[in-house]
Every structure is written in C-alpha cells, then in structure tokens.
Amino acid sequence: MFGAREYGTTFDASWHASRQARSARQRPLAPVYNASCCNAVLRLGCETLMLSDSGIVYFGNDWGAENRTSSHHLAVRLAKVAPLLYVDSPGMRAPQASGRDLRRALRKLAAALRRPTQLEPNLWLCTVPQLPFRRLPGVDLINRAFGRWAVRRAMRALGTAHYISWFVVPHPGFLARRLGEALCVYYCIDDYAAHPGVDAAVIGARDDALTRCADLVFVAPPTLLAGKQAANSNTLFSPHGVDVALFARAMDPATEVPEDAATLPGPVVGYFGSIHEWIDLDLIAWLARMRPQWSFLLVGHVATDVSALQGLPNIKLAGPQPYRDLPAWAKAFDVAIIPYRQNRQVQNANPLKLREYLATGKPVVSVRNAEIERFGRWVQIVDGREMFLAALEKAVHEDPPGAAAERMAAVAGQTWDNRVREVIGHVDLALAARESRHVMQQEPG
C-alpha cells in the first residue's frame, strides 16, 4: 500500500499556482459550453467553481491490489487538489472457490463495517462491497440500498458541502446522481465487460448506463472512444500517464538490481505486471524453449495457471514486487515484452506498462493493439511467435545507439501529473458550465 506522498510534490506545488491560467486555456467540451454559458462563467469568476472547492467521492478498483493501476495514480493526485474519499469497490466478478478469494471477501466485508481510514491529510479509504450474484432476485436491491447508505455515511469524512462523484469502475454506477453530487465523472480505463469472470451482459449494461448518465466521460483506450462519444457527446480521450522520474531510475547507475535478477544469465527478456489469463504463457514457454541460453524474468502476482512454464529452467517467476522497486527489476532487462493473448479485452486495452517500459529506456517487443500502434516508432510490434522471436533477437543484438534516449523522450511529457492537470481543467470547466446555467436561469428576462 502506498500514499500520495510517494509521488513527490511537483504536482502539488504547481497546481495551485496555475489554476486560473489553466482554466482559461483548456479546450471546452461541446455541446455543454455555448456563448451564454461562457459569459456567465466569466461573470462568476473561476475561483468559486473549481474542483478544489468540492469533495471527490471516487469509486475505484482494489486499493490494496498487488499491481498499481491508473485508478490509484489518478486518485493520489486528485487528493492533492481536493478532499477525496476512495471507495474500494469489490464485487465486479463472482469470487472463486479458493482460499485466497474467500479470505479477500471476508476482509472486504469486515472493512465495510468500519469507518473510513485516513491515508493522507486529504485522502480517505472506505470499502463498499457488492454481492456479485446480480441475477439472483433481490441482490440488486440489496446492493443499491447498502451502497448508498455506506457511501453517504463515509462521505462525512470529507467535511465539504459540495461533492462530485468519480467512477473508474462501472459496477457501482447505480449510485451516480444519487449522492447529491454537483457533477458526475466517468473515467473509463478498460473494457470491463470483456474481463474474465464477470457477467458480461450485466457489466456491459452498467458501463453503458454510466456513460449516458455522466456529465463528463474520459476514455483511456482509443478503441472505446467512438462508442462512448456516440452515447455521450461530452466524452474526451484521456490516455494513461506514466511516472517518468520513477521509471527513469532503470537507467541510473546508482540503481541496484535485485539479487534474484542480478544473478540471471543474459540476455534477460523481462516482463512486469500481473500474470492473468490474458498473458500468453504458451508464447513465453515457446520462446524460452527456442532460446534456452536466455533468461525470462516475469515480475508480478500470478493469478492464473502457470503450468505451461513449469520445467523450464530459464524462466524466473519473481512474484509481486513493490511498485517503486519495478525500475530496479527493469534495469536487469535487456528487452521488455508485452505478450498478450489476442482477445476483445486486449484489443480494447491501454496497457500501463507500455509507457512504463518506454520510460525505462529498454527495447520493447509487443503484440498488436490500437494504443500500442500509436507508439510503433519506438516499439517493435509483431504478429505471431516467429516474428516475436525475430524481434527479440533484433532488440538484444541490434539496438542502435541513442535508441534508449529516444524511447524515454517519447513519453517524457506524458506524466501522470500532466495528465491529471488536463483532466482537472476539463472538470473545472464542466463545474463552471453547470453553475452558469443555474445563474442564467435566475437572471431576469
């Protein structure tokens, strides 16, 4: 678990100094903003309409998850601007009959009965689980009633009179516009209906309903943008950011490689991230057999059957590692890989590790999807295992001088701090537009 202070003070220091200038230069959203609205905004003045004057009720995925997602990166930075209640929202998929899932479910249930935990001066955490068996009679009503009661009780911790709701996951979307919020934001980071283990029809319907209900929609995967814009005209493309300074440590001579990685014979083909059903383990096993003199280092929590990798001595499963230690592990890589299976979830994904890999400066070999193709100048994108192996050979033996610096430069401006500034600017304008409409309704004539 980590708190907001791990990310430094750059965002916090620059945000308050630039809030008025930023609101003036952000591109407005159509069709919410028209000439009358903008004139009313100018008369009101932006200082009374900023996000920093509100509390944020933020519905995210598992705060204590083994891997850090964009949900976490956004939340800790938003909490530097406004009081934020992070509503840990388990229950998207039905738990499996495993000890791990049972223990996790019990922990979440116990946490739901506790008051919010203050993680930082401006950041609180509460847990509001849902029963995942949504097709059973009465379950949806129970989720709605308990969810609204639990969230409203936890909102008192923010100590503010005005709120906005912010959803990063769709399944608690039935609470949108039911919390007395001034604005509802849906920050869509994935095609959740395509995730394994979820009720695709129910989660898809929740996603669509939340998209239509929200005042403002941000979309990270480019393939989902057109569909979201068709459902809600106030939809913007907002790709992921990256912690540039953190991952640049992979190139720092002072960064020490962990012992488990330092002793591996090279070259080292590396991966970090959770190892789920969408990782092509058969591909990795085939590559390892084709190059038995190479090492394949996989860093992350194992959440699927990895029997395909068993018996291969040149594959190292390092297990989950702290987020801030990932650059040290990446320093051991000679090439980083994105070995996804080609399915709907992957086609609609915006992989966080894409920018993180590039920020380390390491060569990257990846399967194809729309977001990865946007970085085709700096990533070797392949189709099929033979092409994957050939690209690895090229990356290991033919990476040209200066290529590492070019890869790092490609994402240097795409920091999470910059991304959140852009998002907040649009939210401020949306808040101002809603207030201006209220003022216009009260004006005589």
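N343 contributes atom CG, which lies 9.5 Å from atom NE2 of H195 (distance to the nearest 0.5 angstrom). To the nearest 0.5 Å, the span separating OG1 on T304 from CD1 on I275 amounts to 9.5 Å. Note: C126 SG to L85 CG = 4.0 Å, rounded to the nearest 0.5 Å. Atom NE2 of residue H171 and atom CG of residue D199 lie 13.0 Å apart, to the nearest 0.5 angstrom. Once rounded to the nearest 0.5 Å, the distance linking CG of L236 with NE2 of H426 reads 5.0 Å.
Defined by atom type and a distance below 3.5 Å, a donor-acceptor pair is missing between the side-chain atoms of T235 and K228.
Residues V185 and F167 are not in side-chain contact: their nearest non-hydrogen atoms beyond the backbone lie 4.5 Å or more apart. Looking at L431 and D53, their side chains never come closer than 4.5 Å, going by heavy atoms from C-beta outward.
Under the 6.0 Å cut-off for aromatic ring centres, Y86 and F59 do not qualify, their centroids lying 6.0 Å or more apart. The distance between the ring centers of Y323 and H73 falls below 6.0 angstrom.
Contact check on K353 versus E356 returns no salt bridge, with no Lys/Arg side-chain nitrogen under 4.0 Å from an Asp/Glu carboxylate oxygen. A salt bridge does not link R249 with D325: none of the charged nitrogens is closer than 4.0 Å to a carboxylate oxygen.
Checking N350, N348, T223 one by one against D191, the side-chain hydrogen bond (donor to acceptor under 3.5 Å, both in side chains) holds for a single residue, N348.
Across L210 and P170, no two heavy atoms sit closer than the pair CD2-CA, 3.9 Å.
In this pair, H276 and W278 present their aromatic rings parallel. The plane angle is below 30°, not in the 30 to 60° band. Classification of the F272-Y357 ring pair by plane angle, with boundaries at 30° and 60°, yields perpendicular.
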For this session: Give the C-alpha distance, both sets of side-chain angles, the deciding distance and a yes or no for side-chain hydrogen bond (donor to acceptor under 3.5 Å, both in side chains) between D207 and Y186.
Result: CA-CA 9 Å; D207 174 83; Y186 181 26; 2.5 Å; yes
Exercise. What do the steps show when you test T211 against D208 for side-chain hydrogen bond (donor to acceptor under 3.5 Å, both in side chains), and what is the final call?
Worked result: CA-CA 5 Å; T211 299; D208 183 67; 5.7 Å; no
For this session: Start with the C-alpha gap between N61 and T69, add the side-chain angles, then the distance that decides, and say whether side-chain hydrogen bond (donor to acceptor under 3.5 Å, both in side chains) holds.
Result: CA-CA 8 Å; N61 50 24; T69 70; 3.3 Å; yes
For this session: Dump the intermediate steps for side-chain hydrogen bond (donor to acceptor under 3.5 Å, both in side chains) on S238 and Y187, then the final yes or no.
Result: CA-CA 9 Å; S238 183; Y187 200 101; 2.8 Å; yes
Problem set entry | V81 vs I424, side-chain contact (heavy atoms from CB on, under 4.5 Å): CA-CA, chis, key distance, verdict | CA-CA 9 Å; V81 177; I424 292 175; 3.8 Å; yes
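By the side-chain contact (heavy atoms from CB on, under 4.5 Å) test, D399 is found to be paired with P363, A403, R407, residues two or more places apart in sequence or in another chain being considered.
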